[in-house]
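Per chain, numbering begins at 1; letters A, B, ... match sequence-line order.
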Amino acid sequence: MKGWYAVRIGARRGLTEFGQSVRSTQDQGFYLFTALLAVGYLFLRRNADIEGTDLSFASVTLPSILGLLIAFGVVIGPAYALAMEREDGTLLRHKAIPHGLTGYFTGQMVFQSLSLVPQLVVILVPSFLLFDDLMADPSGWFTVVWVVLLGLAATMPIGMVIGALVPNSQKVGSWGMLPVMTLAGISGIFYPIQQLWGWVEVVAQIFPMYWLGLGMRSAFLPDEAAALEVGGSWRTLETVGVLGVWAVIGAVITPIVLRRMARRQSGSAVEAGREAATQWVR
Amino acid sequence: MGSVITVRDLRMRYGSKDVLTGVDFDIDAGEVVCLLGPNGAGKTTTIEILEGFRMRSAGEVDVLGEDPARGSEDWRARVGVVLQSWRDHPRWTPRRLLAQLGSYYEPYGTAERPKPYDAEQLLETVGLAPSADAKIVTLSGGQRRRLDVAIGIIGRPDLLFLDEPTAGFDPQARREFHDLIRRLSRTENTTILLTTHDLDEAERLASRVLMLAGGRIVADDSVEGLAHRIEGETTVKWRLGGESFAESVSDPTRFARELFARHGEAVRDLDIRRASLEDAYLALVQEHESGHGDAAARMFKEATT
């Protein structure tokens, strides 16, 4: 395929965007804010233990929070970026260039994936300084890596599809933020999923967020802690299965949705977006 | 040289509203053509169809040998589009963005037509060299538009589209922009199609004007040609002994000579005014804006033929 060179250009674009992001005080502020919230939450309950075990609250909750932040970042991040860059003409610029869209979407994926690195670092570093016994066994880091990668593949397409379908960037809140928050609430991040009604438990297990959290807990916690989970097991195969299915569905659907979005781009569409954006009160 | 753009019976309909009702024109290689018309006449629709950004309702369109609705990537590499940005790439710098976007054209360069342009040189050409490393978010409106132009031509296009390129420019930026377009046409022999609602701009830039009104082309000529066709009668006004006179004449020079021969220095406040293309165009715009697009188009067509 002649367009492969554009993947390379897009990867370079993603790297540049990432470099610009970590140097921007706005993005640094965002990372620090989420870190403060997450670590602050764990710190306030630093003396709590999980009932019936000798596991600390922090050690059980940290992996879940990481799972949540990954899902949140790669859903809301691309959703917002696509909606915004469709309005401001970034997408149209790439449409006017040979193989530009290939490069643009590659850049988006590279940038959004890399953005997880500072996000995780700002939470992991202070957490490991403040709390003990977070990682039961160093081999868990290997699990962290594959869970993060598979989780990325499973959740980022959701963000891209939301970004492609949302009518404008101001609606990303209600189209993206709200469902993700709701899912976070029922996905066993803040309290065990078994405490919810049966049907909610089923719904939560359809979506990748629960499995991301479970996978992260299986990476960080000792094997005994699996007793706290549904079925008393880490259900590693099921985790791979559900996340894998989401990744495959995403890989099939996302290009179709993105192509449809790109087809509808034109100068007058961008102009309309500009007018809509300057007209906040309607 | 052959035809770069061929348009036959192009029609566009949004819902029940006909925007284009049968547009025909040809543009040859190396021409600078202005699509002129009042706001809402369908200029943007036309140019977006040619750019391949919009599907037409009916008609035949050929741009550089391909149908833009199914333009290939090879075709894309030969077409430049100057887009109007407003807040894209705020964290990038002009230098970085030009280099990044230019790199997509590399595989399409040939020995006699290397692509893309050298980014540094292009920044110099559009006058952006001093702010080449500034964040784009900090650029002024005029600098931003020069960046738009640079991005539009970075791939050394055979054909360049510009939609209302100087909207929102101050007079200085406008003059500089016109110079840039003329230079591009002269040195690269780039075929250029631009839209404008400003007759003065069309006059400055275009070797040919396509006047769009009522959904079709009502005039297709050079600005001088149009002006020549529209100039029929001339109005001569003067004062004589406290009284005002006015007369429509076909040879104002002779009329004035005779006037002076008869009355000598008694003739005061002589005013000779030709019916100008501007008057005719303004009348067209006015009619169009009061919702009589069709009537306006007919009127203009009669005046120019």
- Where does Ser24(A) contact chain B at under 4.5 Å (heavy atoms): side chain, backbone, both or neither? side chain
- Message: Could you work out, with salt bridge (charged side-chain N to carboxylate O under 4.0 Å, His left out) as the rule, every residue matching Glu120(B), not counting sequence neighbours?
- Response: Arg95(B)
- Is the number of heavy atoms from other residues, nucleotides or ligands within 6.0 Å of CZ (Phe128(A)) greater than 12? yes
- Item | Within-4.5 Å side-chain heavy-atom neighbours: His99(A) and Tyr105(B) | no
Enumerate, atom names and distances included, each donor-acceptor pair closer than 3.5 Å involving a side-chain atom of residues 110-118 of chain A, sequence neighbours excluded.
| unit_1 | atom_1 | unit_2 | atom_2 | d |
| --- | --- | --- | --- | --- |
| Gln112(A) | NE2 | Gln108(A) | OE1 | 2.9 |
| Ser113(A) | OG | Met109(A) | O | 2.6 |
| Ser115(A) | OG | Phe111(A) | O | 2.8 |

- Can any side-chain N or O of Arg87(B) pair as donor or acceptor with the backbone N or O of Glu85(A) at less than 3.5 Å? no
- Working to the nearest 0.5 Å, report the span between CD1 of Ile97(A) and CD of Gln100(B). 8.5 Å
- Task: Could you check if a side-chain atom of Arg93(A) sits within less than 4.5 angstrom of a side-chain atom of Leu101(B), using non-hydrogen atoms only?
- Result: yes
- Below 4.5 Å, heavy atoms only, C-beta onward: do His94(A) and Tyr104(B) meet side chain to side chain? yes
- Task: Answer whether the closest heavy-atom distance between the side chains of Trp92(B) and Arg13(A) falls below 4.5 Å.
- Result: yes
In residues 244-252 of chain A, what donor-acceptor pairs under 3.5 Å come from side-chain atoms, sequence neighbours left out?
| unit_1 | atom_1 | unit_2 | atom_2 | d |
| --- | --- | --- | --- | --- |
| Trp246(A) | NE1 | Ile206(A) | O | 2.8 |

- Heavy-atom proximity to chain A below 4.5 Å, by part of Glu48(B): side chain
- Checked Lys135(B), His89(B), Glu51(B) vs chain A; the most non-hydrogen pairs under 4.5 Å come from His89(B)
- Between CG on residue Asp88(B) and CG on residue Asp88(A), distance to nearest 0.5 Å: 5.0 Å
- Item | Close side-chain approach of Gln26(A) and Arg91(B), heavy atoms under 4.5 Å | yes
- Validation row: Pro98(A), Arg78(B) side chains within 4.5 angstrom (heavy atoms): no
- Give a yes or no on whether Arg13(B) atom CZ has more than 12 heavy-atom contacts from other residues, nucleotides or ligands under 6.0 Å away. yes
- Message: Can you tell me if Gln28(A) has over 12 outside heavy atoms packed within less than 6.0 Å of its CD?
- Response: yes
- What residue, out of Asp163(B), Val81(B), Ile47(B), Leu83(B), has the most heavy-atom pairs lying under 4.5 Å from chain A? Leu83(B)
- Query: Where on Ser103(B) is there a heavy atom nearer than 4.5 Å to chain A: the side chain, the backbone, both, or neither?
  - Reply: both
- Query: Which atoms form the tightest heavy-atom contact between Thr16(A) and Arg96(B), and what is the distance?
  - Reply: CG2-CD, 3.6 Å
- For Arg264(A), does the CZ atom have more than 12 heavy-atom neighbours from other residues, nucleotides or ligands under 6.0 Å away? no
- Message: Please output the residues of residues 139-154 of chain B in contact with chain A, using a heavy-atom cutoff of under 4.5 Å, in numerical order.
- Response: Asp148(B), Ile151(B)
- Note on the structure: Counting heavy-atom pairs under 4.5 Å with chain B, the top scorer among Glu271(A), Arg263(A), Glu87(A) is Glu87(A)
